[in-house]
Amino acid sequence: MQNQLIEPSLVDEIISKVSLAIGTEKVNLQEALGKTLAEDIHADRDFPPFNRVAMDGIGIHDSMLNPNGNTFLVEGVQAAGAPQLTLKENTNCIEVMTGSMLPEGANVVIPYEWTEKQGDKITVSDFKHAEFMTNIHQQGVDQKKGDVILSKGQQITSAEIGVLATVGYDQVEVIAAPKIAVIATGDELVAVNEVPKDYQIRMSNCYSLQATLKDNGCQSDIYHLVDEYDLLKTKIENLSNEYDILVFSGGVSKGKFDYLPKVFDELGIVKQFHGVKQRPGKPFWFGITKDEKAVFALPGNPVSTFLCSNRYLLPWLTHQLKNNQDNLPTKAYLDVDYSFKKPLTYFLQVKTYFDETGRLMAQPVTGGGSGDLSNLTSANAFLELPADQDNFEKGQQLPIWFYKK
Ligand SMILES: Nc1nc2c(c(=O)[nH]1)N[C@H]1C(S)=C(S)[C@@H](COP(=O)(O)OP(=O)(O)OC[C@H]3O[C@@H](n4cnc5c(N)ncnc54)[C@H](O)[C@@H]3O)O[C@H]1N2
Ligand code: MOO
């Protein structure tokens, strides 16, 4: 029986209806990069926490800002990391260092570059429009104590790490990473460190899949299952109990040993679709277990697995875990005429660059088809050529899916 092939846009729609059961976990600050905050973060004090000196120089009182200049007796030195000093006389000054507390009684900072020192006196001949609070980062202007400084759902980048450290979070509550199993199927596959016999190949898909996931903050475990029906059934049942997401590669097309669709059916994993009107990756199978876990069974040809994981699995996972998407462009201009004469959406491997007017251009990098994984290293994205067109013109703008950022 022929499967009903569906459009790529319908794939997105079907997959988007599956929600990952999201838990939370506490992680150390240094492990939080790339994760999503599961709690609001409040400022534990004002930011800056005190009137902070912004230039090395002298702290004075603004009543001394004479257009003809002024000379000050140095009362002391206010260092960063030292308790606040007090300026005793308005006619005097205190030398102040960047990052130090502004001395009590001072309200202007004049940088050293505008001063001249003679003994214990400092002269400023031109105050250059300095006024009340010049060169002082005032207490609480950035954040007030108790303000929500980072919000639940926000992605943790290097910028958020700095903020978390500042407000004293050495541990933080984040969305828990899902447990993902990456499962290679096929008798022909041998381990990377083995020398394959003539009829064997080294397994690569599971490693590129695992790397794709890792690149996006998700750990996964790799399994290899051989093409034995009963064994597949037992193992897959166990894996579906143990993991939140199952990602298979291989074993889903029409071959005599492509057992997966039948095994899934017997295990009660409900098929949502089998077959997408696309190349590569046509035999893509997707289903949901009884306890609503997602099962992605990606076609085994390396470029097919690669395309399906980057085009469908990753955007879904990112949306589930991170609330937001990458800030990558979603369209690019084809830089030559290109033809694909089949009623299928074609995911063309391309290398992108910016032309002289700043447009993002996509240059086809054609290789040896869906088995040629080395070609993936020369390209950096897939350009999505829709099925309703055969001839695509230079300058046509089309959806793009980056896998190298
Ligand atoms: N009669 C039909 N035959 C095929 C169809 C079809 O529609 N009708 N579709 C073709 C397309 S398109 C693809 S893609 C493949 C997908 O087949 P499977 O998902 O069943 O994958 P396998 O047959 O197991 O493997 C295909 C190919 O990929 C190699 N492979 C598999 N796993 C790995 C791995 N982990 N690392 C590296 N390489 C892997 C495998 O050795 C095969 O060469 O079916 C077509 N056939
Ligand atoms: O379309 Mo399959 O995914 O090329 O070999």
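No hydrogens, no waters, no symmetry mates; every other heavy atom, side chains included, goes into these values. Since the structure is predicted, the reported quantities are computational estimates derived from the model, not experimental observations. Remember, it's 1-based here, ligands and their atoms both numbered in the order they're listed.
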Measure and list all N/O to N/O distances between ligand 2 and the protein that fall under 3.5 angstrom.
unit_1, atom_1, unit_2, atom_2, d
ligand 2, 1 (O), Gly281, N, 3.1
ligand 2, 3 (O), Gly281, N, 2.4
ligand 2, 3 (O), Ser304, OG, 2.3
ligand 2, 4 (O), Ser370, OG, 2.7
ligand 2, 5 (O), Asn301, ND2, 2.6
ligand 2, 5 (O), Ser370, OG, 2.5

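- Scanning the protein heavy atoms around atom 46 (N) of ligand 1, the nearest turns out to be Ser253 OG, 3.8 Å.
- Aromatic ring orientation, Tyr243 versus Tyr223: perpendicular (interplanar angle above 60°, classes split at 30° and 60°).
- Counting the atoms of ligand 1 from 1 in the order shown, those under 4.0 Å from a heavy atom of Ser249 are 32 (N), 35 (N).
- One finds a salt bridge joining Glu266 and Lys262 here, because a Lys/Arg side-chain nitrogen approaches an Asp/Glu carboxylate oxygen to under 4.0 Å.
- Between Phe273 and Phe284, the ring planes lie perpendicular to each other; the angle is over 60°, past the 30° to 60° tilted range.
- A salt bridge is absent between Lys277 and Asp388: the closest approach of a Lys/Arg side-chain nitrogen to an acidic carboxylate oxygen does not fall below 4.0 angstrom.
- Distances between N or O atoms of Arg202 and those of ligand 1 include no value under 3.5 Å.
- Of all the heavy atoms of Ser304, the ones lying under 4.0 Å from any atom of ligand 1 belong exclusively to the side chain.
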Test side chain to side chain donor-acceptor pair (under 3.5 Å) applied to Glu131 and Thr134, step by step:
CA-CA 6 Å; Glu131 54 185 17; Thr134 293; 4.9 Å; no
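- The nearest protein atom to atom 19 (O) of ligand 1, hydrogens excluded, is given as Gly300 N, 2.9 Å; this is a heavy-atom distance.
- Protein heavy atom at the shortest distance from atom 27 (C) of ligand 1 is Asn301 OD1, 3.1 Å.
- Residue Gly251 places at least one N or O, backbone or side chain, under 3.5 Å from an N or O of ligand 1.
- Any N or O atom pair closer than 3.5 Å counts here, and Val252 shares at least one such pair with ligand 1.
- Checked against ring pair (Phe, Tyr, Trp, His ring centres under 6.0 Å), Phe382 has the following partners two or more places apart in sequence or in another chain: Tyr403.
- The environment of Lys179 atom NZ is dense: over 12 non-hydrogen atoms of other residues, nucleotides or ligands sit within 6.0 angstrom.
- The atoms of ligand 1 that sit less than 4.0 Å from any heavy atom of Asp258 are 20 (O), 23 (O).
- Summary of contacts: the protein heavy atom closest to atom 41 (O) of ligand 1 is Glu188 OE2, 2.6 Å.
- Both the backbone and the side chain of Ser204 come within 4.0 Å of ligand 1, judged by heavy-atom distances.
- Nearest heavy-atom pair, Trp114 versus Val124, reported as atom, atom and distance to 0.1 Å: O-CG1, 3.7 Å.
- Taking a cutoff of 4.0 Å between a charged side-chain nitrogen and a carboxylate oxygen, Lys26 and Glu173 qualify as a salt bridge.
- Within 6.0 Å of NZ on Lys341 lie more than 12 heavy atoms contributed by other residues, nucleotides or ligands.
- In terms of polar-atom proximity, defined here as any N/O pair under 3.5 Å, Ser370 makes no such contact with ligand 1.
- The protein heavy-atom contact nearest to atom 6 (C) of ligand 1 is Lys254 CG, 4.0 Å.
- In summary, Glu113 and Lys128 do not engage in a salt bridge, as defined by a charged side-chain N under 4.0 Å from a carboxylate O.
- For ligand 1, the atoms lying closer than 4.0 Å to a non-hydrogen atom of Ile201 are 37 (C), 38 (N), 39 (C), 41 (O).
- Within 6.0 Å of atom CZ in Phe257, 12 or fewer heavy atoms from other residues, nucleotides or ligands are found, so the atom counts as exposed in its surroundings.
- The atoms of ligand 1 that sit less than 4.0 Å from any heavy atom of Lys282 are 7 (O).
- In this structure, Pro283 is part of the shell of residues with a heavy atom less than 4.0 angstrom from ligand 1.
- The residue Thr305 has no part lying near ligand 1, judged by heavy-atom distances below 4.0 Å.
- Contact annotation for Asn205 and ligand 1: heavy atoms of both the backbone and the side chain come within less than 4.0 Å of the ligand.
- Considering both main-chain and side-chain atoms, Ala184 never comes within under 3.5 Å of ligand 1 through any nitrogen or oxygen pair.
- Under 3.5 Å, the side chains of Asp372 and Ser374 contain a donor-acceptor pair of N or O atoms.
- Ring to ring, Tyr346 and Phe392 are not that close: their centroids are 6.0 angstrom or more apart.
- Judged by distance alone, the side chains of Asn391 and Ser339 do bring a donor and an acceptor atom under 3.5 Å apart.
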